[in-house]
Novice: 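Structure in structure tokens, see below.
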Protein chains: 2
Amino acid sequence: MVYELAADPSSFKEKKVITIGIVSELTGLSERQIRYYEERKLVFPERTPGGSRRYSFVDVEQLVEIANKIEDGVQTYEIRQEMIKEKKKHKDEAHKKMIQGQLNARFGVRKY
Amino acid sequence: MVYELAADPSSFKEKKVITIGIVSELTGLSERQIRYYEERKLVFPERTPGGSRRYSFVDVEQLVEIANKIEDGVQTYEIRQEMIKEKKKHKDEAHKKMIQGQLNARFGVRKY
DNA sequence: ACGTTTGTGTAAGAAAACCTAACATGATTT
DNA sequence: AAATCATGTTAGGTTTTCTTACACAAACGT
């Protein structure tokens, strides 16, 4: 079994630091579109104390994917359903991995 | 001889996308300090069409280093000199590497 | 020792960027 | 036919950023 590297939580790619104007520039989407996709629960920017949205590079990448799907005629609602399924899958995998880890800890091959 | 991988130019780490407010938050430096270090030619943010500064994660890292040196009593002027020397060194290395490449191309061991 | 540079804070006024809410509209769905 | 979707646009308001200027203690150079 192959273990992936744990995603570095301090990773730059996930840091929410980009303003909507720049996101618009990077993606080619209008600010209206970007805010609308948030309304449809497809992206989740953070906010500054003052209330301005801040996105990560991962968000930017996802926005591009979303835009592509929409261009292919997929509705935001469907995209959202896909996302939920994806998330569930990942959760299940994580769960399985955890169980596996516990089994290994008790009965598995010792690595030391 | 070991060749490094060419730095991905589309790398997010080098993309200038962060506003000064966020940089201030990330580094703990005041906006005044950040602008001053630019005045002393230690950082080089890009500008939006409207004139707002945009920094990269690399810039952020460098700002932290700069701040540390200053805290150690090093003056911006000296820091700048170090930077210039560093840059020259890299340029020389690149130059040497290029020459080496040309020599290899003519007289070196063929790789095919 | 004295004048100068350094590094930083703060204030003022203006411009840029962002926010929400609302109305409009053509295309799809239902 | 009515409702929903996806997007544009406008309006008024707030936040963020910009430059310039003045202040001042600490460090530096001569």
Side-chain angles (χ1 to χ4, degrees), chain A residues 15-57 59-85, chain B residues 15-57 59-85:
Chain A
K15 278 226 156 127
K16 309 262 187 177
V17 296
I18 314 178
T19 58
I20 196 167
I22 302 285
V23 172
S24 170
E25 220 174 78
L26 293 175
T27 60
L29 301 173
S30 70
E31 299 188 8
R32 181 68 169 90
Q33 287 174 302
I34 297 168
R35 293 199 189 98
Y36 179 65
Y37 300 155
E38 178 182 2
E39 191 183 318
R40 303 318 302 272
K41 301 197 195 304
L42 301 179
V43 248
F44 307 94
E46 288 180 359
R47 300 284 185 133
T48 60
S52 292
R53 276 168 261 253
R54 298 292 133 116
Y55 301 84
S56 70
F57 279 108
D59 291 331
V60 170
E61 288 175 350
Q62 286 178 177
L63 278 167
V64 171
E65 286 179 35
I66 291 166
N68 286 336
K69 288 185 185 169
I70 286 181
E71 212 161 349
D72 292 351
V74 186
Q75 288 188 192
T76 53
Y77 179 78
E78 299 178 56
I79 299 176
R80 173 126 177 79
Q81 298 310 310
E82 292 173 22
M83 277 184 46
I84 291 171
K85 257 188 197 147
Chain B
K15 280 225 157 130
K16 308 264 188 175
V17 295
I18 315 178
T19 59
I20 195 166
I22 302 285
V23 173
S24 170
E25 219 174 81
L26 293 176
T27 61
L29 302 174
S30 70
E31 299 187 8
R32 180 69 169 92
Q33 288 175 300
I34 297 168
R35 295 200 189 96
Y36 179 66
Y37 300 155
E38 177 182 2
E39 192 183 317
R40 303 317 302 272
K41 300 198 195 308
L42 301 179
V43 247
F44 307 94
E46 288 180 359
R47 298 284 185 133
T48 60
S52 292
R53 277 168 258 252
R54 296 294 132 115
Y55 302 82
S56 70
F57 280 111
D59 291 332
V60 170
E61 290 176 346
Q62 287 178 175
L63 278 167
V64 172
E65 287 179 35
I66 291 166
N68 286 336
K69 288 186 186 170
I70 286 181
E71 214 161 346
D72 292 350
V74 186
Q75 289 188 194
T76 53
Y77 179 79
E78 300 179 55
I79 299 176
R80 174 126 176 80
Q81 298 310 310
E82 292 173 22
M83 279 183 45
I84 291 172
K85 258 190 196 145

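Protein chains get the first letters and strands the later ones, always in sequence-line order, with residue 1 at the start of each.
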Novice: Is there a side-chain polar atom (N or O) of A:T19 under 4.0 Å from OP1 or OP2 of D:dT16?
Specialist: no
Novice: Select one nucleotide: of C:dT8, D:dC18, D:dC28, the one nearest the side-chain heavy atoms of B:R53.
Specialist: D:dC18
Novice: B:E25 CD to D:dT16 C1': how many Å, rounded?
Specialist: 13 Å
Novice: Can you tell me how far C1' of D:dA6 sits from CD1 of A:I79, to the nearest Å?
Specialist: 11 Å
Novice: Let me confirm one number: the CG-OG1 distance from A:D59 to A:T27, rounded to the nearest 0.5 Å.
Specialist: 11.5 Å
Novice: Considering only side-chain heavy atoms of B:Q33, which listed nucleotide, C:dC18, D:dT17, C:dT8, is closest?
Specialist: C:dT8
Novice: Flag the pair B:V60 / B:I22 as yes when at least one side-chain heavy-atom distance between them is below 4.5 Å, and no otherwise.
Specialist: no
Novice: Measure from the side-chain heavy atoms of B:I20 and tell me the nearest of C:dC19, D:dT17, C:dG7.
Specialist: D:dT17
Novice: Can you tell me the distance, in whole Å, between the CZ atom of A:R35 and the P atom of D:dC5?
Specialist: 20 Å
Novice: Nearest to the side chain of A:S52 - D:dA6, D:dG8, C:dC19?
Specialist: C:dC19
Novice: Between P on D:dT16 and CD1 on A:I22, what's the gap in Å once rounded to a whole number?
Specialist: 16 Å
Novice: Measure from the side chain of A:Q75, starting at C-beta and using heavy atoms only, and say which of D:dA6, C:dA17, C:dT6 lies closest.
Specialist: D:dA6
Novice: Take atom CD1 of B:I70 and atom P of D:dA26, then tell me their distance rounded to the nearest Å.
Specialist: 17 Å
Novice: Are more than 12 heavy atoms, taken from residues, nucleotides or ligands other than A:Y77, located less than 6.0 Å from that residue's OH atom?
Specialist: no
Novice: For B:E39 and D:dC18, what is the distance between atoms CD and C1' respectively, to the nearest whole Å?
Specialist: 14 Å
Novice: Could you please name the option among D:dC18, D:dG8, C:dT8 that lies closest to any side-chain atom of B:Y37?
Specialist: C:dT8
Novice: With a 4.5 Å limit on heavy-atom distance, are the side chains of B:R54 and A:T19 in contact?
Specialist: yes
Novice: Is there a side-chain polar atom (N or O) of A:Y36 under 4.0 Å from OP1 or OP2 of D:dA6?
Specialist: yes
Novice: Does a nitrogen or oxygen in the side chain of B:R32 sit under 4.0 Å from OP1 or OP2 of D:dC22?
Specialist: no
Novice: B:E71 has an atom CD; how far is it from atom C1' of D:dA26, in whole Å?
Specialist: 15 Å
Novice: Between C:dG7, D:dT17, D:dA6, which nucleotide gets closest to the side-chain atoms of B:R40?
Specialist: C:dG7
Novice: Just N and O in the side chain of A:T76: are any of them under 4.0 Å from OP1 or OP2 of D:dA6?
Specialist: yes
Novice: Got a second to check how far B:I20's CD1 is from B:S30's OG, nearest 0.5 Å?
Specialist: 8.5 Å
Novice: Using a cut-off of less than 4.0 Å, is there contact between a side-chain N or O of B:T48 and OP1 or OP2 of C:dA16?
Specialist: no
Novice: Between A:R54 and A:V74, which has a closest nucleotide on DNA chain D that is more 5'?
Specialist: A:V74
Novice: Rounded to the Å, how far apart are A:Y77 OH and D:dC5 P?
Specialist: 10 Å
Novice: Can you measure from CZ (B:R40) to CD1 (B:I66) and round to the nearest 0.5 angstrom?
Specialist: 12.0 Å
